[in-house]
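Residue numbers start at 1 and run along the sequence shown.
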Amino acid sequence: MLTLTCPYCGVKAEETELAPGYEAHLKRFGAGSSDDDFEGYMFARKNPKGVHFERWRHAYGCGKWFLAARDTATLEVFGTYPAQSKEPPADLIAKIKAKRPGWEGYK
């Protein structure tokens, strides 16, 4: 079972207490954007086997959104961080690179 630690309240929550928000760090497009940009935002998502950055909501806890880095194949969680972050924290990237030497990096 997937277990994530909420960076806001510090609770280790199982996936049944969380709501997925899918891919993290997306550039959002809305009114006034081109049809191609909006279509890409709505429907084009990465679905890698390996390290992935995701949005989660602590639905049955504090209710806040946060971001997580995990391996989609093994469910190994590298860490969580606040939803307002523009990119993953440097220490989290270093942790991933230490455990996955061949990992090509964020983005």
Side-chain angles (χ1 to χ4, degrees):
M1 176 162 289
L2 180 64
T3 303
L4 299 172
T5 302
C6 177
Y8 296 103
C9 64
V11 171
K12 281 190 171 193
E14 294 180 352
E15 62 189 297
T16 56
E17 299 176 46
L18 304 167
Y22 310 103
E23 190 176 346
H25 305 292
L26 290 176
K27 181 175 181 183
R28 286 163 172 69
F29 293 94
S33 62
S34 72
D35 289 344
D36 288 340
D37 285 341
F38 186 70
E39 179 184 13
Y41 164 67
M42 289 296 292
F43 303 111
R45 296 287 188 264
K46 295 176 187 169
N47 189 19
K49 180 177 181 181
V51 179
H52 190 53
F53 296 89
E54 304 169 322
R55 298 176 67 224
W56 289 90
R57 183 172 169 262
H58 194 182
Y60 292 100
C62 66
K64 293 186 177 183
W65 285 95
F66 64 92
L67 306 177
R70 71 176 183 98
D71 188 308
T72 58
T74 65
L75 297 184
E76 178 182 5
V77 176
F78 297 102
T80 59
Y81 52 104
Q84 294 77 17
S85 304
K86 299 280 185 201
E87 60 185 37
D91 61 330
L92 181 59
I93 296 293
K95 182 178 179 180
I96 295 168
K97 287 182 177 181
K99 290 189 172 192
R100 301 286 189 277
W103 186 60
E104 66 277 356
Y106 170 69
K107 292 191 185 193

- [ ] Enter the distance from Glu54:CD to His25:NE2 here, rounded to the nearest 0.5 Å.
- [x] 11.0 Å
Task: Salt bridge present between Asp71 and Arg100 (N-O < 4.0 angstrom) - done: yes
Open item on the list: Would you compute the distance between atom CZ of Phe53 and atom CG of Leu92 and round it to the nearest 0.5 angstrom?
Closed with: 6.0 Å
Task: Contact summary for Pro7 and Pro82, nearest pair of heavy atoms - done: CG-N, 4.0 Å
Open item on the list: Between Leu26 and Arg55, is the side chain to side chain contact (heavy atoms under 4.5 Å, CB included) condition met? List the steps.
Closed with: CA-CA 10 Å; Leu26 290 176; Arg55 298 176 67 224; over 6 Å; no
- [ ] Identify, with sequence neighbours excluded, every residue that meets side chain to side chain contact (heavy atoms under 4.5 Å, CB included) alongside Tyr22.
- [x] Pro20
Task: Expected output: side-chain Thr80 to main-chain Leu67 donor-acceptor under 3.5 Å - done: no
Open item on the list: Between Phe66 and Leu18, is there a side-chain heavy-atom distance shorter than 4.5 Å?
Closed with: yes
Task: Spatial distance of atom CZ (Phe78) from atom NZ (Lys97) [nearest 0.5 Å] - done: 13.0 Å
TODO: Quick one: pull up OG in Ser33 and CD in Glu39 and give me the separation to the nearest 0.5 Å.
DONE: 11.0 Å
Open item on the list: Taking the side chain as everything from C-beta on, heavy atoms only, tell me whether Tyr8 gets closer than 4.5 Å to His58.
Closed with: no
Task: Donor-acceptor contact below 3.5 Å, side chain Lys12 vs main chain Thr3 - done: no
Open item on the list: Please give me the minimum heavy-atom distance between Trp103 and Ile93, naming the atom from each residue.
Closed with: CH2-CD1, 3.9 Å
Open item on the list: Looking at every non-hydrogen atom in both residues, tell me the closest pair between Val77 and Arg70 and how far apart they are.
Closed with: CA-CB, 4.1 Å
